[in-house]
Amino acid sequence: MAFGNDGGDLAQSAAMKMSEIGERTKQLGTKFKDPERQRRIILVIVCVALLLDNMLYMVIVPIIPDYLAELQSEADHASFNARVINAGNSSNHTIFKATKGNFDLQIGVLFASKAILQLLVNPLTGTFIDRVGYDLPLFIGLIIMFFSTCLFAFADNYVALFAARSLQGLGSAFADTSGIAMIADKYTEEAERSRALGIALAFISFGSLVAPPFGGILYEFCGKRVPFIVLACICFTDSMLCLTVLKPFSRGERENMPVGTPIYKLMIDPYIAVVAGALTTCNIPLAFLEPTIANWMEETMHSSQWEIGLAWLPAFFPHVLGVYITVKLAAKYPHLQWFYGALGMVIIGASSCTVPACKTFGQLMGPLCGICFGIALVDTALLPTLAFLVDVRHVSVYGSVYALADISYCVAYALGPVVAGQIVHDLGFIQLNLGMGLANVLYAPALLLLKNVCQMKPSNSERGMLLEEGATGLYDTIKTQERERKRKGLSNVVDENGIDTYSEEESFGGELEYA
């Protein structure tokens, strides 16, 4: 009898615990459904994805050249006896120079392959994102980046490294574009959107600047595989979080999405074209200095390897400061976004021109910090402007416009590793910096075209003109009803039974209610 009572108590206790677990799960699900909390979780997922992509982009800087040099040394050692037999001393010297030149070209092509593939794929991914939504492409991008990182970890030849780098470009084309577009879609108020995009830019900057010392230290003490395995684990965790929270295979959100503006129409929009040109121009100094400044520091300053590795790290702090200042100013003076971008380009131009004049490592920190501060001003001011231009001139679907922004970045970073070294060889490091600085200063006045953008109204948008012709679906019907209520001075009121009623907004001191 006692045994039966004990069994009943255990069953009752287990049932109570299961009930508590179910209740907590339900509460957790309710919290995830809260719009504000969900927006924060989405922002975290996107920021981690951007951090990973930029860390993977830059973590190879201290690793791959040294690793490829080891592979090259092993190959040279294997064929050394044959070379000695078949060639004299002068021929050996010629062979070494040719091998050295070929080695530099291989590194340049490897570094540029990510941006080149991303540049080619982005027009397609932008259209794909507009068709299927933002969550599924983000998940696809994270999965591709995970496999790319694993391939980096276990690659043991140049072909495998090239495949891993190119695969990363494919993943970035999905993850970066859909992530930024998702932020613009979830944060519709201009001040909130600027703040959220500013946070994302801070993660991009942190990933780019902390990755070289992170990779260099782990490579030195733990070997080539460890940095990539750590990044792969973080990428896998972020992809699982994306799968759990965003539910990318659910079709509910995609069915109600409007049809986005094709990317070729966005490219011929003069306002968007000016912004895209500014994003490319302002990133050229950073993209062209990254592959060339190390040799210049060795030749002119006799810098050590740790100084070269840490050259860009202090620039993280002015970049974050630039993001913070621009977000605060944009919230207070939103009509001056164009001015913040133009000011940033002037700062970039002046800083780029002063780089060749630096004689010590400490002096070099000033111009590099100035370049990153200016880039922060331009990016933080103009990325939200792209979303606003789409809102008021096109359809409020952001995949293609941020694919266009990603293309603008990729143009600079695809050309940098391949072209910058040749320019330095033919013209000189001083001429390279003066040219980049002059290009930024001369482009800054073009942003005057954006001066009156803030005065544009959504009613002039292409989407608004389409809706004037009548509703063609559920989304259009809802939007048309909202426009009609606003035109008549009616607003939604939910009564105590949860039923929508309409009330006339206060006008001329009177208020009428309609049941």
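A donor-acceptor pair is defined here as one N or O able to donate and one able to accept, closer than 3.5 Å; no such pair exists between the side chain of Asp238 and the backbone of Val48. A donor-acceptor contact shorter than 3.5 Å is absent between the side chain of Thr292 and the backbone of Ala420. Although no hydrogens or angles enter the test, the distance criterion places no donor-acceptor pair under 3.5 Å between the side chain of Lys247 and the main chain of Asp135. Remark: the backbone N or O of Gly349 is not paired with any side-chain donor or acceptor of Ser352 at under 3.5 angstrom. Judged by distance alone, the side chain of Arg39 and the main-chain N or O of Lys186 form a donor-acceptor pair under 3.5 Å. The backbone N or O of Ala232 sits nowhere less than 3.5 Å from a side-chain atom of Thr149 that would complete a donor-acceptor pair. Although no hydrogens or angles enter the test, the distance criterion places a donor-acceptor pair under 3.5 Å between the side chain of Asn440 and the main chain of Met436.
Evaluation of the side chain to side chain contact (heavy atoms under 4.5 Å, CB included) rule for Ala160 yields Ala155, Asn157 as partners, not counting sequence neighbours. Qualifying ring pair (Phe, Tyr, Trp, His ring centres under 6.0 Å) partners for Tyr398, counting only residues two or more places apart in sequence or in other chains: none. Residues satisfying the salt bridge (charged side-chain N to carboxylate O under 4.0 Å, His left out) test with Asp53, not counting sequence neighbours, are Lys114.
Contact check for Ile234 versus Met55: no side-chain heavy atoms found under the 4.5 Å cut-off. The side-chain heavy atoms of Leu415 and Phe288, taken from C-beta on, include a pair separated by under 4.5 Å. Contact annotation: the side chain of Met345 never approaches that of Val441 to less than 4.5 Å [non-hydrogen atoms, C-beta and beyond]. Counting only heavy atoms from C-beta outward, the side chains of Leu50 and Ile180 approach each other to under 4.5 Å. Counting only heavy atoms from C-beta outward, the side chains of Ile144 and Leu167 approach each other to under 4.5 Å. Residues Leu279 and Leu383 form a side-chain contact, since some pair of their non-hydrogen atoms from C-beta on lies under 4.5 Å apart. Side-chain contact between Pro248 and Leu243: present, with at least one pair of heavy atoms (C-beta onward) separated by less than 4.5 Å. The shortest distance between side-chain heavy atoms of Leu246 and Phe139 does not fall below 4.5 Å.
Using bins of under 30°, 30° to 60° and over 60° for the plane-to-plane angle, the ring pair Phe228/Phe152 lands in the parallel bin.
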Got a list of side-chain donor-acceptor pairs under 3.5 Å for residues 194-218, not counting sequence neighbours?
from: Ser194; atom 1: OG; to: Glu190; atom 2: O; distance (Å): 3.1
from: Ser205; atom 1: OG; to: His319; atom 2: ND1; distance (Å): 3.2
from: Ser208; atom 1: OG; to: Asn54; atom 2: OD1; distance (Å): 3.3
from: Ser208; atom 1: OG; to: Ile204; atom 2: O; distance (Å): 3.0

Run the side-chain donor-acceptor check on residues 372-380: report pairs under 3.5 Å with partners two or more places apart or on a different chain.
from: Asp379; atom 1: OD1; to: Tyr409; atom 2: OH; distance (Å): 3.1
from: Thr380; atom 1: OG1; to: Ala376; atom 2: O; distance (Å): 2.6

Can you give me every donor-acceptor pair (side chain of residues 320-336, partner residue at least two apart or in another chain, under 3.5 Å) with its distance?
from: Thr326; atom 1: OG1; to: Gly322; atom 2: O; distance (Å): 2.7

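Residue Ile347 comes nearest to Gly370 through the heavy atom pair CG2-O, 3.5 Å, listed as atom of the first residue, atom of the second, then distance. Of all the heavy atoms in Ser400 and Leu266, the pair that sits closest is CB-CD1, 3.6 Å. Considering all non-hydrogen atoms of both residues, Gln168 and Tyr57 come closest at NE2-N, 3.4 Å. Of all heavy-atom pairs between Ala278 and Leu382, the closest is CB-CD1, 3.7 Å. Residues Ile407 and Ile263 approach most closely at CD1-CD1, 4.4 Å, considering heavy atoms.
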Yes or no on side chain to side chain contact (heavy atoms under 4.5 Å, CB included) for Gln337 and Leu450, after CA distance, side-chain angles and deciding distance?
CA-CA 8 Å; Gln337 295 274 51; Leu450 307 176; over 6 Å; no
Test log, rule side chain to side chain contact (heavy atoms under 4.5 Å, CB included), inputs Cys242 and Leu142:
CA-CA 9 Å; Cys242 175; Leu142 286 169; 4.1 Å; yes
When you look at Val397 and Thr261, which way does the side chain to side chain contact (heavy atoms under 4.5 Å, CB included) test go after all the steps?
CA-CA 8 Å; Val397 180; Thr261 306; over 6 Å; no
Side chain to side chain contact (heavy atoms under 4.5 Å, CB included), that's the test. Do Tyr187 and Leu43 meet it? Break it down for me.
CA-CA 10 Å; Tyr187 292 85; Leu43 184 60; 3.9 Å; yes
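Geometrically, Arg393 does not engage Tyr271 in a cation-pi contact defined by less than 6.0 Å to the ring centre and at most 45° from the axis.
Arg193 has a carboxylate O that lies under 4.0 Å from a charged side-chain N of Asp391, or vice versa, which qualifies the two as a salt bridge.
The distance from atom CZ of Arg165 to atom CG of Leu151, rounded to the nearest 0.5 Å, is 13.0 Å. From Phe128, atom CZ reaches atom OG1 of Thr177 across 12.5 Å, with rounding to the nearest 0.5 Å. Separating the CZ atom in Arg131 from the CG atom in Leu136 is a distance of 14.5 Å, to the nearest 0.5 Å. The distance from the SG atom of Cys282 to the CD1 atom of Ile348 is 4.5 Å, given to the nearest 0.5 Å.
Remark: Phe316 CZ is packed, more than 12 non-hydrogen atoms of other residues, nucleotides or ligands lying under 6.0 Å away.
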